[in-house]
A.B. asks: 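One structure is given below, represented as structure tokens, and several questions about it will come after.
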Amino acid sequence: HTSWCAAVERQASAGAGVGDATEVARRRGLSREAREGWLKVVEAEGLGDALGSSAEVLADAAEAMARHTAAFRLCPRDVGAAKEAWTVFEAALARLEEAQELKTSLLDDLKWMLWNGAWHAANKAAEEDEDEEEEKLDEEAEAALFGEGYPGSQDDALMDLVRFLRHSL
């Protein structure tokens, strides 16, 4: 829900797509409920002690990735907002790695689930605005913007979903 919320908010701010005020409010509510639900499950399952603050940090990472993909994929592109959100995402991942509360393989799968889920939402939302599509940056330009470790933007919603599912199994 967080990724869809970011996409709809982005479209609303640009006056495009399905991002009317009612839909933005609905998506914000769903996003908030999803975050609260995630934290309740962590607590109810007795994982609060094991995960410590990692549950909150993971929720923050999901929000940052959602904002990153929406700002970078949806028109008009906002490179500054995309860079800021990418920096927040990287910092959240670094905090998770430092906490060592999650196995490296699990953290890697979670990272790619967040990445692909957010790109899926942004790309599906972009299908609404195909007449306003901006030119895709090449890998070198993206690396210059976001750093050498940037995996590269995506533009195929179906493949994003396939990749998300692959990392969730």
Side-chain angles (χ1 to χ4, degrees), residues 1-10 26-74 78-79 81-127 136-137 139-140 142-169:
H1 290 292
T2 301
S3 295
W4 283 106
C5 181
V8 169
E9 284 178 335
R10 180 91 185 126
R26 186 177 82 82
R27 292 290 181 174
R28 282 184 182 151
L30 291 171
S31 179
R32 185 178 49 256
E33 287 174 20
R35 183 184 183 105
E36 291 169 359
W38 156 248
L39 296 173
K40 283 179 184 175
V41 166
V42 166
E43 194 60 38
E45 293 296 321
L47 299 173
D49 291 337
L51 288 178
S53 64
S54 292
E56 278 282 351
V57 175
L58 199 53
D60 293 343
E63 185 176 326
M65 182 48 59
R67 287 186 290 111
H68 168 74
T69 57
F72 198 61
R73 178 67 170 99
L74 299 173
D78 185 342
V79 173
K83 175 125 177 86
E84 180 181 326
W86 175 251
T87 301
V88 171
F89 178 73
E90 284 187 305
L93 288 181
R95 285 196 313 268
L96 290 168
E97 288 173 4
E98 289 170 14
Q100 297 182 349
E101 294 169 336
L102 303 172
K103 289 183 178 180
T104 303
S105 60
L106 175 59
L107 183 55
D108 191 57
D109 282 339
L110 290 170
K111 173 182 108 174
W112 290 112
M113 286 174 63
L114 295 177
W115 175 263
N116 290 301
W119 277 109
H120 172 74
N123 284 322
K124 285 301 285 184
E127 289 175 5
K136 184 171 173 26
L137 300 178
E139 289 179 24
E140 290 177 7
E142 288 181 2
L145 279 171
F146 304 117
E148 289 300 319
Y150 189 72
S153 62
Q154 298 176 185
D155 59 7
D156 185 335
L158 180 58
M159 286 308 300
D160 298 331
L161 185 57
V162 168
R163 291 180 190 115
F164 173 87
L165 292 171
R166 187 181 82 218
H167 287 285
S168 69
L169 299 176

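Just so it is clear, the values below take in all heavy atoms, side chains as well, and ignore hydrogens, waters and symmetry mates.
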A.B. asks: What distance do L106 atom CG and M113 atom CE have between them, rounded to the nearest 0.5 Å?
C.D. replies: 9.0 Å
A.B. asks: Flag the pair R73 / W119 as yes when at least one side-chain heavy-atom distance between them is below 4.5 Å, and no otherwise.
C.D. replies: yes
A.B. asks: With a 4.5 Å cut-off on side-chain heavy atoms, are W86 and M65 touching?
C.D. replies: yes
A.B. asks: Heavy-atom distance under 4.5 Å between the side chains of D60 and V88, does that happen here?
C.D. replies: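 Not touching, per the 4.5 Å side-chain cut-off.
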A.B. asks: What pair of heavy atoms forms the shortest contact from N123 to D156, and how long is it?
C.D. replies: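 Taking every non-hydrogen atom into account, ND2-N, 3.6 Å.
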A.B. asks: Are K111 and F89 close enough that some pair of their side-chain heavy atoms sits under 4.5 Å apart?
C.D. replies: yes
A.B. asks: Which atom pair, heavy atoms only, marks the closest approach of A61 to A92?
C.D. replies: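 That would be CB-CB, 3.8 Å.
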A.B. asks: Using a 4.5 Å cut-off on heavy atoms from C-beta on, say whether the side chain of H120 contacts that of T69.
C.D. replies: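 T69 does not reach H120 side chain to side chain.
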A.B. asks: Would you say W115 and Q154 make side-chain contact, with heavy atoms under 4.5 Å?
C.D. replies: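 Side chain of W115 against side chain of Q154, heavy atoms only: contact under 4.5 Å found.
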A.B. asks: Provide the closest heavy-atom pair for K124 versus A157 in the form atom of the first, atom of the second, distance.
C.D. replies: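 In this case the closest contact between K124 and A157 is CD-CB, 3.5 Å.
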A.B. asks: For the residue pair A6 and A66, what are the closest heavy atoms and their distance?
C.D. replies: CB-O, 3.5 Å
A.B. asks: Looking at every non-hydrogen atom in both residues, tell me the closest pair between S3 and A118 and how far apart they are.
C.D. replies: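 Closest approach of S3 to A118: OG-CA, 3.2 Å.
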A.B. asks: When rounded to the nearest 0.5 angstrom, what is the spacing between CZ in R67 and SG in C5?
C.D. replies: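 Between R67 CZ and C5 SG, I get 11.0 Å after rounding to 0.5 Å.
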A.B. asks: Hey, could you give me the CZ/CG distance between R163 and L158, rounded to the nearest 0.5 Å?
C.D. replies: 9.5 Å
A.B. asks: Name the one of L107, D108, D109 that satisfies side-chain contact (heavy atoms from CB on, under 4.5 Å) with L102?
C.D. replies: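 Among L107, D108, D109, the one meeting side-chain contact (heavy atoms from CB on, under 4.5 Å) with L102 is L107.
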A.B. asks: Parallel, tilted or perpendicular: which describes the rings of H68 and F72, with under 30° parallel and over 60° perpendicular?
C.D. replies: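 H68 and F72: parallel rings.
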A.B. asks: For the residue pair E142 and S153, establish whether any side-chain heavy-atom pair is separated by less than 4.5 Å.
C.D. replies: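 In short, these two side chains touch, coming nearer than 4.5 Å.
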A.B. asks: Looking at R95 and E98, is there a salt bridge between them, counting it only when a charged N and a carboxylate O are closer than 4.0 Å?
C.D. replies: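 Salt bridge: no.
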A.B. asks: Can you name the nearest heavy-atom pair linking A64 to A85, along with the distance?
C.D. replies: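 Minimum heavy-atom separation between A64 and A85: O-CB, 3.3 Å.
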